Amino acid sequence: MQVSVEALKGLERKVTISVPTEKIEEEVKLRLQNLARKVKVDGFRPGKVPLNVVKNRFSDSVREEVAREMVQSTLYEALKEEKLVPAGSPLVEPEEIESGKDFKYTAVFEVFPEVKINELDKNKDEIETIRAEVKDSDVNDMVEKLREQNKEWHEVTRAAAKDDKVTIDFEGFLGEKAFEGGSAQGYEVVIGSSAMIPGFEDGLIGGKKDEPFDIKVIFPEDYSHKELAGKNATFKITIHEVMEGKLPALDDAFVAKFNIKEGGIDALKKDIKENMVRELERRLNSMNRERIFDKLMAINSFDLPTTLIDQEIEHLKHDMYHRLFGHEHSDNEQIPDFPRALFEEQATRRVHLGLLFSEYVKTHEIVADKARVEAMIEKFANAYESPDELRAWYHGSKERLAEIEALVMEEMVAEKISENAKLVEKTMSYDAVMNPKNDGESKSKDKGE
C-alpha cells in the first residue's frame with residue numbers, strides 16, 4: 001500500500017492511498033468462490049454453478065464491494081502510519097475501479113491543531129476578577145419583586161395607566177399593509193414592564209376599554225427581524241380589560257406562599273438571602289472562570305478545525321430549538337434553518353477553549369479531586385429540600401457524577417492558570433452581577449415585543 005500526504009489550506013490534509021491490485025483480486029477471488037457455493041443461477045443446481053459463470057456475472061459488483069470495504073481498513077492503517085488524527089469524518093473519493101489496476105482513492109479532512117501552552121506572566125498579564133455581596137437592600141428589593149409577582153389584579157373602569165395590566169387585541173401595519181407576526185388577540189401586557197418595543201406600552205396609557213385607537217412606533221435598528229428594523233409602524237389597538245394591581249401585605253399569608261411555616265417575614269428574608277448568596281456565588285465563580293479562560297485564550301491562538309466549529313453550531317441550533325419550542329429530542333426532528341451568524345462566535349469560542357482546556361489538563365496532569373467533587377455535591381445537596389435524595393441522584397449515575405467532576409476540573413484549571421496572573425479585584429453590586437445590562441441585545445420580538 002502506498003500513501004502520500006499533501007497539506008492543503010490551514011489544517012486540511014489530503015491523503016492519497018493506492019492499494020495493490022493483487023490485494024484486491026485475492027479478496028475478490030475468495031468471495032467469488034464462496035458465492036459460487038450458494039448463488040442461484042437459472043440452468044444450474046445450487047452449489048454447482050461454474051466459477052467462470054459466477055465471475056462473468058458478479059466480478060464487477062464484488063470488486064466494488066471489496067474496494068469499498070478496503071477503504072475502511074486501509075484508511076485507518078494509513079492514518080495510523082502517518083500519525084494523522086482527523087478532526088471530522090474524511091471525505092473519501094475513489095477513482096474508477098478496474099480489474100488489473102491498483103485501486104486508488106483520496107481522503108480529505110482536517111487534523112487537530114498542535115497546541116503548545118503559553119503560560120500567563122504575572123508581570124504583564126492582568127485579570128480583573130469580580131466580587132460582590134448580598135446586602136439587606138438587595139434582599140428588600142427581592143421581597144418587593146416577589147410582591148410584584150404576587151399582585152392581586154382587579155378590573156377598573158378608568159383609562160389605562162402606568163403599571164396597569166391590560167388585555168388587548170392589536171394588529172401592526174407598515175404603511176397600509178399588515179406585517180406577519182404583528183398581531184395578537186387577548187394579549188396581556190403590564191404597562192411599564194418594557195416587554196414590548198419602545199413606545200408601544202407608553203402608547204397604551206390613556207386608552208379606554210372597547211374604544212379602538214392607533215399607536216405609532218419605530219422599530220429598533222437592531223430589531224431581530226431585519227425587515228422591520230428601523231421601520232415606522234402603526235398598531236391598531238383595542239383594549240378589552242384594564243386591571244389595577246394591589247401589592248400584597250407583608251404578613252403571614254404572604255410568607256406562607258413560600259412554604260415558610262414560622263418566623264414570619266424575618267424567616268422569609270433569611271431564606272431569600274441564603275438563596276441569593278448561593279446564586280451569587282455560582283454566578284461569580286462562572287464569571288471569574290470565564291475571564292481567566294479568556295485571558296489564556298488570548299495568548300494561545302491557533303488554527304481551529306472548521307469541522308468542529310460546524311458541529312458545535314449544529315449543537316447550538318438544537319439547543320436553541322429545544323429551548324424555544326420545548327420539544328423533547330427525537331431522531332426525525334426538523335430543526336429550523338437558524339442563521340449561522342447567531343452561533344458562530346459562541347461555537348468558535350467553545351472549540352478554541354475545548355482544545356486549549358484539554359491540552360492544559362494534559363500538560364499539568366490535572367485530575368478532578370475526589371474530595372472537592374464530594375464537597376460540591378454536598379453544597380448542592382444542602383440547598384435541596386431532601387439532601388439525601390440529591391446525593392443519591394448524583395452517585396446513582398456515572399453521567400451525572402461526571403458533570404460535577406467537570407465543574408471541579410474547571411475550578412482547578414482556573415486556579416492553576418491564575419497562579420501565573422496578576423489578579424485585580426473589582427467590586428460590583430448584586431444587581432449588576434445577576435442582571436447584566438446588554439445594550440446590544442434587542443428586547444424586540446414578534447408581535448411588537
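Every heavy atom of this structure was used, including side-chain atoms; hydrogens, water molecules and symmetry mates were not. Just so it is clear, the structure is predicted and the values come from calculations on it, not from any experiment.
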Enquirer: Give the minimum heavy-atom separation between Gly199 and Val217, together with the two atoms involved.
Expert: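 Closest approach of Gly199 to Val217, heavy atoms only: C-CG1, 3.9 Å.
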Enquirer: Shortest non-hydrogen contact from Ile191 to Ala160?
Expert: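 Nearest heavy atoms, Ile191 then Ala160: CD1-CB, 3.9 Å.
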Enquirer: Is the number of heavy atoms from other residues, nucleotides or ligands under 6.0 Å of Asp251 CG greater than 12?
Expert: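 Yes, CG of Asp251 has more than 12 neighbouring heavy atoms, counting only those of other groups under 6.0 Å.
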Enquirer: Kindly assign one of parallel, tilted or perpendicular to the pair Phe380 and Tyr394, based on the angle between their ring planes and the thresholds 30° and 60°.
Expert: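 Judged by the thresholds at 30° and 60°, the geometry between Phe380 and Tyr394 is tilted.
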Enquirer: What's the shortest heavy-atom distance between Asn300 and His352, and which atoms?
Expert: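 Closest approach of Asn300 to His352, heavy atoms only: O-NE2, 2.7 Å.
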Enquirer: I'd like to know whether CD1 of Ile218 has more than 12 heavy-atom contacts from other residues, nucleotides or ligands below 6.0 angstrom.
Expert: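 Incorrect, the count does not exceed 12.
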Enquirer: Please work out whether the ring planes of Phe219 and Phe235 are parallel, tilted or perpendicular, with thresholds of 30° and 60°.
Expert: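 It falls in the tilted class, 30° to 60°.
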Enquirer: For Met276 versus Met142, what's the shortest heavy-atom pair and its separation?
Expert: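 For Met276 versus Met142, the nearest heavy atoms are SD-CB, 3.9 Å.
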Enquirer: Would you indicate whether Asp310, at its atom CG, is surrounded by more than 12 heavy atoms from other residues, nucleotides or ligands within a distance under 6.0 Å?
Expert: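 Buried by this count: over 12 neighbours within 6.0 Å.
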Enquirer: With no hydrogens and no angle check, just 3.5 Å: does a side-chain donor-acceptor pair link Lys273 and Asn275?
Expert: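 Per modelled atom types, Lys273 and Asn275 side chains form no pair under 3.5 Å.
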Enquirer: What I want to find out is whether Arg131 reaches Glu425 closely enough, with some N-O distance under 4.0 Å, to be called a salt bridge.
Expert: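 Yes, charged N to carboxylate O under 4.0 Å.
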Enquirer: Any salt bridge linking Glu415 with Arg372? Criterion: basic side-chain nitrogen under 4.0 Å from a carboxylate oxygen.
Expert: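 Yes, Glu415 and Arg372 are salt-bridged.
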Enquirer: Between Gly10 and Asp303, which heavy-atom pair has the shortest distance, and what is it?
Expert: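 That would be CA-OD2, 4.2 Å.
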Enquirer: Would you say that more than 12 heavy atoms from the other residues, nucleotides or ligands in this model lie under 6.0 Å from the NZ of Lys151, or not?
Expert: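 Enclosed.
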Enquirer: With Lys135 as the cation and Tyr430 as the aromatic partner, state whether NZ or CZ is under 6.0 Å from the six-membered ring centre and within 45° of the axis.
Expert: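 Verdict for Tyr430: no cation-pi partner in Lys135.
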Enquirer: State which residue, out of Arg158, Lys208, Lys246, fulfils the salt bridge (charged side-chain N to carboxylate O under 4.0 Å, His left out) condition with Asp164.
Expert: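 Among Arg158, Lys208, Lys246, the one that satisfies the salt bridge (charged side-chain N to carboxylate O under 4.0 Å, His left out) with Asp164 is Arg158.
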Enquirer: Taking CD in Glu227 as the centre, count heavy atoms belonging to other residues, nucleotides or ligands within less than 6.0 Å. Is the count above 12?
Expert: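 Count over threshold, so yes.
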Enquirer: Test Thr157 against Lys209 for side-chain contact (heavy atoms from CB on, under 4.5 Å), laying out the working first.
Expert: CA-CA 8 Å; Thr157 56; Lys209 180 179 178 179; over 6 Å; no
Enquirer: Tell me whether the count of non-hydrogen atoms from other residues, nucleotides or ligands lying under 6.0 Å of CD in Glu93 goes above 12.
Expert: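 At most 12 heavy atoms, drawn from other residues, nucleotides or ligands, come within 6.0 Å of this atom.
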Enquirer: Any chance NZ of Lys165 has more than 12 other-residue heavy atoms, nucleotides or ligands included, within less than 6.0 Å?
Expert: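 Enclosed.
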Enquirer: Any luck finding a side-chain donor-acceptor pair between Glu110 and Thr306 under 3.5 Å?
Expert: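 Present: a donor and an acceptor within the cut-off.
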Enquirer: May I ask you to say whether Arg391 pairs ionically with Asp388, meaning some side-chain N is under 4.0 Å from a carboxylate O?
Expert: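 Looking at Asp388 together with Arg391, the answer is yes, because their closest N to O distance falls below 4.0 Å.
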Enquirer: Could you tell me which non-hydrogen atom of Lys416 sits nearest to which non-hydrogen atom of Tyr360, and how far apart they are?
Expert: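 Of all heavy-atom pairs spanning Lys416 and Tyr360, the closest is CG-OH, 3.3 Å.
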Enquirer: Is it true that Arg349 and Glu345 have a side-chain N and a carboxylate O under 4.0 angstrom from each other?
Expert: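 Here Arg349 does not pair with Glu345 in a salt bridge, since their nearest N and O are not under 4.0 Å apart.
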